[in-house]
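Atoms within a ligand are numbered from 1 in the order they appear, just like the ligands themselves. Nothing fancy with the numbering, it's 1 onward along the sequence.
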Amino acid sequence: MRGRFIAIEGLDRSGKSTQCDRLVAHLTETTGNKTHLFKFPDRSTPMGQIINQYLTSGVALSDQAIHLLFSANRWERIEDIKALLEKGENVVLDRYYISGIVYTQAKGLERQWCTNPDLGLPVPDITLFLTVSPEVASQRGAYGEERYEKIAFQKRVAALFHEVAQRNCITVDASGTEEEVANAINQCVETVQIGEALDKFSGL
Ligand code: DGP
Ligand code: NA
Ligand code: NA
């Protein structure tokens, strides 16, 4: 049987990366199969390095150009991801196409235009959306260092995320302790049915 394919989405500083690490450990232990973490954007590839410069050092790129790079950065890893799933290994994604769509839509671009480059990507068995208010998130860590970490922008992203999550995600309250959030995530993941074939993303 193919491996489990799980995406975790959320606002900046929602605790997503910590929870992804915990979920990888949990799946490794409970399924007995290797579990891999892919983080998007993957800043290690040539395209990812341009994305990193855009996020951290104010490199100027049009909203459209950076959007297509974020999408291309997902497409450039997808064959590796599919191969692992087919071998029966699990894959956890730290962000995926929902981030891709809502962060650009929050800049004022059309939903359909934002969706188009990601059409056809394999759909996860489950996408978890970690919710935390932008005000709470802004008090965590070094908020404000990167391009999108501004409260007004995060509020627009949050509104879009909540709307999209109703139909596409299971929402998990991420305002509790690390342990509480991890337990909630593990429970959601245990109930997931795994189909043999991966669906292709056809819109939110
Ligand atoms: P992270 O490394 O998870 O903190 O993500 C970096 C930032 O990039 C974060 O503010 C979310 C944003 N982001 C992630 N994926 C995309 C995407 O596909 N498109 C856009 N425009 N922004 C994205
Ligand atoms: Na971030
Ligand atoms: Na992160």
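The ligand atoms of ligand 1 that sit less than 4.0 angstrom from a heavy atom of K16 are 3 (O). Shown in contact with K39 at under 4.0 Å from a heavy atom are these atoms of ligand 1, numbered in order with element: 1 (P), 2 (O), 3 (O). Listed by atom number, the atoms of ligand 1 under 4.0 Å from P41 heavy atoms are 5 (O), 14 (C). For ligand 1, the atoms closer than 4.0 angstrom to any heavy atom of R74 are 17 (C), 18 (O). Of all the atoms in ligand 1, the ones that sit under 4.0 Å from a non-hydrogen atom of D12 are 4 (O), 9 (C), 10 (O).
Within the structure, the closest approach of E149 to ligand 1 does not fall below 4.0 Å when heavy atoms are considered. Assignment of R95 to the shell around ligand 1 is supported, since a heavy atom sits closer than 4.0 Å.
Minimum interatomic distance between T131 and D173 (heavy atoms only, all atoms of both residues): OG1-CA, 3.5 Å.
Evaluated by nearest non-hydrogen atom to atom 13 (N) of ligand 1, the leading choice among F70, Y54, Y97 is F70. The heavy atom nearest to atom 8 (O) of ligand 1, considering only T104, V102, L55, T56, is found in L55.
The N/O atoms of Y148, backbone and side chain alike, include one that comes under 3.5 Å of an N/O atom in ligand 1. The N/O atoms of E146, backbone and side chain alike, include none that comes under 3.5 Å of an N/O atom in ligand 1.
A side-chain N or O of Q112 and one of N116 form a donor-acceptor pair less than 3.5 Å apart. Judged purely by distance below 3.5 Å, without hydrogens or angles, the side chains of R4 and N90 never pair a donor atom with an acceptor atom. Defined by atom type and a distance below 3.5 Å, a donor-acceptor pair is present between the side-chain atoms of Q154 and D12.
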Evaluate the side-chain hydrogen bond (donor to acceptor under 3.5 Å, both in side chains) criterion for residues S99 and E9: first the C-alpha distance (whole Å), next the side-chain angles of each, then the deciding distance (0.1 Å), finally the verdict. CA-CA 7 Å; S99 282; E9 291 278 11; 2.4 Å; yes

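By the 4.5 Å heavy-atom criterion applied to side chains, Q105 and R111 are counted as neighbours.
By the 6.0 Å and 45° rule, R77 does not stack over the aromatic ring of F40.
Sorted by first and then second residue, the pairs that involve residues 101-122 and meet ring-ring contact (aromatic ring centres under 6.0 Å, His included), not counting sequence neighbours, are H67-W113, Y103-Y148.
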